[in-house]
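What follows is a short report on a single structure.
Each chain gets a letter, A, B and so on, in the order its sequence line appears, and its residues count up from 1.
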There are 2 protein chains.
Amino acid sequence: MRDPEDTLRQHDLPVTAQRVSVLRAVSHHPHATADMLAEEVRAELGSISRQSVYNVLNVLTDKGIIRRIQPAESAALYEDRIGDNHHHLVCRTCGKTEDVCCAVGEAPCLTAQSHHGFKIDEAEVIYWGTCPACQKKKR
Amino acid sequence: MRDPEDTLRQHDLPVTAQRVSVLRAVSHHPHATADMLAEEVRAELGSISRQSVYNVLNVLTDKGIIRRIQPAESAALYEDRIGDNHHHLVCRTCGKTEDVCCAVGEAPCLTAQSHHGFKIDEAEVIYWGTCPACQKKKR
DNA sequence: AGGAGTTTTTGACAAAGTCCAAATCTCGGC
DNA sequence: GCCGAGATTTGGACTTTGTCAAAAACTCCT
């Protein structure tokens, strides 16, 4: 991602230390929870309130600067990569999350026959399975 | 779904009033939250503890008798229809959830190229959008 | 530098679940 | 039909994730 400050300005968001730092944290740690990001920001800024982390993440998500994914049984995760229609692979055992390129064609997933009169704007795909490490452990 | 009691026995689960009732509730109210199901069960049995509802739902989910879906920003929902690989349509505004037949082929979604060494056992697809009612309200 | 309008902070609060120990119930055998 | 081992249900406290609201602090524009 480009410079955090530029990104904020481009979206008409006042630049604050907290926002810059959260944005950087998301960039460096894809698939992190709000809590993990808060830790990260604290390491950089010294401190940040829990509320601010949520504020910032919500604003950024609303503006489409970052993406929120929320697998079952886990807190929301945030990531940088947007617009490239990739999906996620989540380990049922340890929760580890990986990116996956879209399995079928390019924007295949939005092709749900526009059912029930809904106006669909996004398709979220989560592949559930077991990661290599956990496969080993189980045996 | 077949008779709740039979279903339980087939999975080697002791038959209890709570389980039978929860199972029936899930059957009658697809996409209900644990709380809604608890209400439903109370109407039938008189009472059930919150913990038991969760216990039962967890056991049933583990055994693959029911399926849990957990859209972002909402409590987990439970449903009866399993094995037919259908997906869900969720309204961003009101949270309304509908079933959708699988958009592509039959079990298309599991076709993610087995990436990262994960052993994939399920693909969950959630289509995000706006339901007809909310589209109307916004205008 | 000054001021209007946003953000951040702080602390209380809410929802959804889990943990644990005690009481109760189910199922299989006698 | 009754008994007992083992599983299930209860109730209550607790955790996690996140939101609400008001006051203090900050950003950006002039």
*What does A:V15 touch in the nucleic acid at a heavy-atom separation under 4.0 angstrom: a base, only the sugar-phosphate, or nothing?*
sugar-phosphate
*asked:* Quick check for you: among D:dG18, C:dT8, D:dT10, whose closest atom lies nearest to any side-chain atom of A:Q18?
replied: C:dT8
*Remember a base hit wins even if backbone is also touched, and classify A:Q51 as base, sugar-phosphate or nothing at under 4.0 Å, heavy atoms.*
base
*Does any non-hydrogen side-chain atom of B:V26 lie less than 4.5 Å from one of B:L57?*
yes
*With a non-hydrogen cut-off below 4.0 angstrom, is B:R19 in contact with a base, only sugar-phosphate, or nothing?*
sugar-phosphate
*Toward the 5' end of DNA chain C, by each residue's nearest nucleotide, B:Y54 or B:L13*: B:Y54
_Sugar-phosphate, base or nothing in reach of A:A17, heavy atoms under 4.0 Å_ = nothing
*Interatomic distance, A:M36 CE vs D:dT17 P [rounded to whole Å]*: 11 Å
*d(CG, A:L57; P, C:dT7) in whole Å*: 14 Å
_Distance, rounded to the nearest Å, where A:L8 contributes CG and C:dT7 contributes P_ = 10 Å
*Starting at CZ of B:R68 and ending at C1' of C:dA16, how long is that distance when rounded to a whole Å?*
12 Å
*asked:* Going by side chain to side chain contact (heavy atoms under 4.5 Å, CB included), B:V41 matches just one of B:V20, B:V22, B:V56. Which one?
replied: B:V22
*Look at all strands and tell whether A:S49 reaches a base, only sugar-phosphate, or nothing, counting heavy atoms closer than 4.0 Å.*
base
*Provide, to the nearest angstrom, the distance between the CG atom belonging to A:D12 and the C1' atom belonging to C:dT7.*
16 Å
*Nucleotide D:dG18, atom P - distance to CG of A:L37 in whole Å*: 11 Å
_Donor on one side chain, acceptor on other, B:E44 and B:S21, under 3.5 Å_ = yes
*Taking atom types as modelled, is there a side-chain donor on B:E39 or B:H29 under 3.5 Å from an acceptor on the other?*
no
*So, is B:T33 near the phosphate of C:dA16, with a side-chain N or O under 4.0 Å from OP1 or OP2?*
no
*Closest nucleotide of DNA chain C for B:R50 versus for A:V59: which of these residues is on the 5' side?*
A:V59
_Integer-rounded Å distance: D:dC28 C1' and A:E5 CD_ = 14 Å
_What's A:T16 touching, base or sugar-phosphate or nothing? Going by heavy atoms closer than 4.0 Å._
sugar-phosphate
*Nearest heavy atoms of A:H31 and A:T97, plus distance in Å*: ND1-O, 3.2 Å
_Nucleotide nearest B:P14 (side chain, heavy atoms from C-beta), chosen from D:dC28, C:dG17, D:dT8_ = D:dT8
_Residue-phosphate contact under 4.0 Å: B:N58 side-chain N/O, C:dG17 OP1/OP2_ = no
_Without decimals, in angstroms, what is the distance between B:N55 CG and C:dA21 P?_
15 Å
